[in-house]
Amino acid sequence: MVLYDSATLGGSCSGSSSSSSSSKPPPLQQRQQTQQDIDGLLAGAGYRVRSSELRKVAQRLERLETAMVNSPADLSQLASDTIHYNPSDLASWVDSLLSEFIQPPTCPSEFIMDPETNQTVVSDAWTTAEPHMPQVHQNISYEQQSLNNQLTVDNQLTVVTAMEEDSGIRLVHMLMTCAECVQRGDFSLATSCLEDMQGLLTRVNTVCGIGKVAGHFIDALSRRIFQGIGGGSINGGSAYENEILYHHFYEACPYLKFAHFTANQAILEAFDGHDCVHVVDFNLMHGLQWPALIQALALRPGGPPLLRLTGIGPPSPDGRDSLREIGLRLAELARSVNVRFAFRGVAASRLEDVKPWMLQVNPKESVAVNSIMQLHRLLGSDLNRNSPIETVLSWIRSLNPKIMTVVEQEANHNQPGFLDRFTEALHYYSTMFDSLEACTVQPNKALAEIYIQREIANVVSCEGSARVERHEPLCKWRTRLSGAGFRPLHLGSNAYKQASMLLTLFSAEGYSVEENDGCLTLGWHSRPLIAASAWQAVSDGTVDFPA
């Protein structure tokens with residue numbers, strides 16, 4: 001039997017944007033820190049060049065570009081005579097190319113056909129003091145000529161690639177410069193940087209790599225700047241659009257699957273031996289997480305328990321009762337595998353609007369609270385009300401849950417300083433897009449990228465209550481949850497094995513699951529991107545407050 005009740009709560013999230021209006025130049029220590037951040041970004045991308053050297057490298061590249069335009073025929077010489085250095089060492093590499101262009105010009109050559117051998121003959125018209133000296137002909141086959149031509153083409157591509165890489169480096173540098181201007185309120189210079197970056201985008205590949213990431217950050221900076229001087233407001237899209245994008249992000253890459261599998265395994269183990277269990281899901285989102293848990297409970301030794309599921313989600317904009325529709329589909333699945341099931345939907349625009357009485361938790365039930373990338377949205381502060389995160393954690397603890405599963409982005413996007421937040425976001429989302437490029441699920445990838453793009457826009461463009469993507473790393477969540485009356489639960493070996501098996505479904509190499517003091521992280525090439533943890537409420541007398 002399906003028990004359904006929908007509580008619709010009003011509430012909207014009003015946004016505001018704030019920026020520093022000081023026009024004073026940043027202190028020396030801050031400028032040095034900014035240069036170190038840029039140097040770190042360049043080194044992480046594999047470029048052996050410092051930010052202080054970029055102006056000289058740019059001047060050399062302009063000289064190289066001028067030389068290439070004025071002497072296009074000399075490009076063929078580079079294919080066979082130039083010793084090319086690692087393009088990541090841009091300064092010496094450009095110098096090596098320039099040295100080739102300033103060498104004395106080579107002598108002209110004439111190509112003629114030998115009628116007897118049917119081969120191309122190169123006649124070198126050397127200028128000598130004796131004009132009647134016999135000329136030496138060098139025979140070159142068509143195959144050799146084709147090889148030389150291919151080498152020339154390859155070298156031209158190398159030059160183009162190096163120039164594109166230089167444009168990518170300059171984009172990173174200008175992104176940081178623009179963000180610094182925004183932080184100190186110099187919007188005139190920031191706008192000029194935006195125009196320059198738009199020009200640089202035409203020189204790089206915006207389909208992948210730094211070109212794509214830079215395009216999203218330029219767009220976010222543009223929104224922030226023009227919103228601050230009277231431009232348009234930030235529109236994160238409707239709840240329905242966000243659900244569609246969430247679904248495509250789920251299909252395109254393993255992050256949400258990792259979150260669901262890991263949380264389900266922890267909940268399944270916590271419910272062992274209990275006959276009446278109740279899951280409170282903070283973000284139902286099509287109910288994608290729960291078919292696997294229902295099937296696992298159906299196979300539990302001794303028979304499945306009575307499962308109650310309370311799903312929280314936004315009200316439907318078109319008047320449909322979408323929560324009820326999801327509940328009916330899950331109820332049909334539960335019936336097919338002989339699991340007793342009851343569903344309750346709670347419609348709320350904001351998680352902090354939910355009250356414990358809406359959940360109708362029975363004291364005899366074993367309760368699990370599930371939060372997949374939701375708690376960070378409660379970290380905003382408002383002087384007119386209590387802290388949302390403290391309020392929600394307080395009533396969660398009052399439910400005395402058997403387990404609370406928490407999955408959050410492993411990032412630090414809640415820093416008060418805009419430049420620090422921007423730098424961290426540029427690192428984080430560059431890695432996220434890099435991992436997404438390696439996934440093979442093409443139909444879902446484009447919409448999954450829009451899902452990430454909206455996160456970037458919120459982190460960079462918004463302030464105040466409008467900025468809800470306030471991601472914090474696992475170490476900060478440990479401190480906060482311990483201080484709120486929860487103790488950590490160790491995610492067992494089964495959760496680790498399931499997460500590792502999940503990665504085998506994705507052909508891309510580079511994803512890795514790591515264990516971190518009882519928690520699990522999923523990352524890309526050793527950079528953790530999301531973290532999963534489990535918690536249990538402790539009694540009043542044994543609350544662990546951080547030192």
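Separation of atoms CG (L293) and CG (L309) is listed at 9.0 Å; rounding is to 0.5 Å. For the atom pair SG (C181) and CZ (F418), the distance works out to 11.0 Å, reported to the nearest 0.5 Å. One finds the OG atom of S493 at 8.5 Å from the CD atom of Q265 (value rounded to the nearest 0.5 Å). Between the CZ atom in F226 and the CG atom in L221 there is a gap of 10.5 Å [rounded to 0.5 Å]. A distance of 12.5 Å separates CZ in R308 from OG in S366, rounded to the nearest 0.5 Å. Of the inter-residue distances, the one linking N283 atom CG with N370 atom CG reads 9.5 Å to the nearest 0.5 angstrom.
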Going through the checks in order, is the side chain to side chain contact (heavy atoms under 4.5 Å, CB included) test met by S316 and L323?
CA-CA 8 Å; S316 298; L323 292 176; over 6 Å; no
Taking it one step at a time, do E463 and R421 satisfy salt bridge (Lys or Arg N to Asp or Glu O under 4.0 Å)?
CA-CA 12 Å; E463 290 294 347; R421 189 166 78 241; 2.4 Å; yes
Apply side chain to side chain contact (heavy atoms under 4.5 Å, CB included) to the pair F282 and L375, showing each step before the final yes or no.
CA-CA 9 Å; F282 278 178; L375 291 185; 4.2 Å; yes
Test side chain to side chain contact (heavy atoms under 4.5 Å, CB included) applied to I218 and L194, step by step:
CA-CA 7 Å; I218 290 171; L194 284 177; 4.0 Å; yes
Evaluate the side chain to side chain contact (heavy atoms under 4.5 Å, CB included) criterion for residues L306 and D275: first the C-alpha distance (whole Å), next the side-chain angles of each, then the deciding distance (0.1 Å), finally the verdict.
CA-CA 6 Å; L306 166 63; D275 295 328; over 6 Å; no
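S222 places no side-chain N or O within 3.5 Å of a backbone atom of D219 that could act as its donor or acceptor partner. Remark: side-chain polar atoms of Y511 are not paired, donor with acceptor, to backbone N or O of H525 under 3.5 angstrom. A donor-acceptor pair is defined here as one N or O able to donate and one able to accept, closer than 3.5 Å; no such pair exists between the side chain of Q498 and the backbone of A495. At least one donor-acceptor pair closer than 3.5 Å links the side chain of N458 to the backbone N or O of V468. Side-chain atoms of S461 come within 3.5 Å of backbone atoms of A220 as a donor-acceptor pair (strictly under, hydrogens ignored). E515 contributes a side-chain N or O that, together with a main-chain N or O of G518, makes up a donor-acceptor pair within less than 3.5 Å. Looking at R467, its side chain never comes within 3.5 Å of a backbone N or O of V459 through a donor-acceptor pair. When atom types are taken as modelled, the side chain of S394 and the backbone of E390 share no donor-acceptor pair closer than 3.5 angstrom.
No side-chain heavy atom of H248 sits under 4.5 Å from any side-chain heavy atom of L245. Counting only heavy atoms from C-beta outward, the side chains of L256 and L288 never approach each other to under 4.5 Å. A heavy-atom distance below 4.5 Å is not found between the side chains of H274 and P305. Contact of the E269 side chain with the N494 side chain is registered, since non-hydrogen atoms from C-beta on lie closer than 4.5 Å. Two residues are said to be in side-chain contact when any heavy atoms from C-beta on lie closer than 4.5 Å; F433 and I456 meet this criterion. R329 places a side-chain heavy atom less than 4.5 Å from the side chain of I326. Annotation: side chain of L351 is not in contact with side chain of R377 (no heavy-atom distance under 4.5 Å). Counting only heavy atoms from C-beta outward, the side chains of N412 and H471 never approach each other to under 4.5 Å.
The aromatic rings of Y429 and H413 lie parallel to each other, with less than 30° between the two planes, well short of the 60° mark. The aromatic rings of F249 and Y255 sit parallel to each other, their planes meeting at less than 30°, with 60° as the upper class boundary.
Between R487 and Q536, the side chains place a donor N or O and an acceptor N or O closer than 3.5 Å (distance only, hydrogens not considered). No side-chain donor-acceptor contact under 3.5 Å links T479 and W477. Judged by distance alone, the side chains of W290 and D281 do bring a donor and an acceptor atom under 3.5 Å apart. With no hydrogens or angles considered, a side-chain donor-acceptor pair links E472 and N414 at under 3.5 Å. With no hydrogens or angles considered, no side-chain donor-acceptor pair links T521 and N516 at under 3.5 Å.
Relative to the ring axis of Y428, R527 does not place its NZ or CZ within 45° and under 6.0 Å from the centre. Cation-pi geometry between K402 and F271 is not met: the NZ or CZ atom fails to fall both under 6.0 Å from the ring centre and inside 45° of the normal.
In plain terms, the two heavy atoms of W395 and L359 that are nearest each other are CZ3-CD1, 3.6 Å. Taking both residues in full, the closest heavy atoms of V279 and L307 are given as CG2-CD1, 4.1 Å, listed atom of the first, atom of the second, then distance. When all heavy atoms are compared, the tightest approach of A331 to F341 is CA-CD2, 3.6 Å. Nearest approach of R224 to V182, heavy atoms of both residues: NE-CG1, 3.3 Å. Nearest heavy atoms, R340 versus P304: NH2-O, 4.2 Å. Pairing each heavy atom of L522 with each of P254, the nearest pair is CD2-O, 3.9 Å.
R470 has no carboxylate O lying under 4.0 Å from a charged side-chain N of E408, or vice versa, which leaves the two without a salt bridge. Using a 4.0 Å cut-off between charged nitrogen and carboxylate oxygen, K212 and E449 count as a salt-bridge pair. Under the 4.0 Å criterion applied to side-chain N and carboxylate O atoms, E469 and R454 are not assigned as salt-bridge partners.
A distance below 6.0 Å separates the ring centres of F422 and F217. Annotation: Y246 is not in aromatic contact with H286 [ring centroid separation under 6.0 Å not met].
Each of H278, R344, Q360 was checked for a side-chain hydrogen bond (donor to acceptor under 3.5 Å, both in side chains) with T310, and the lone residue meeting it is H278.
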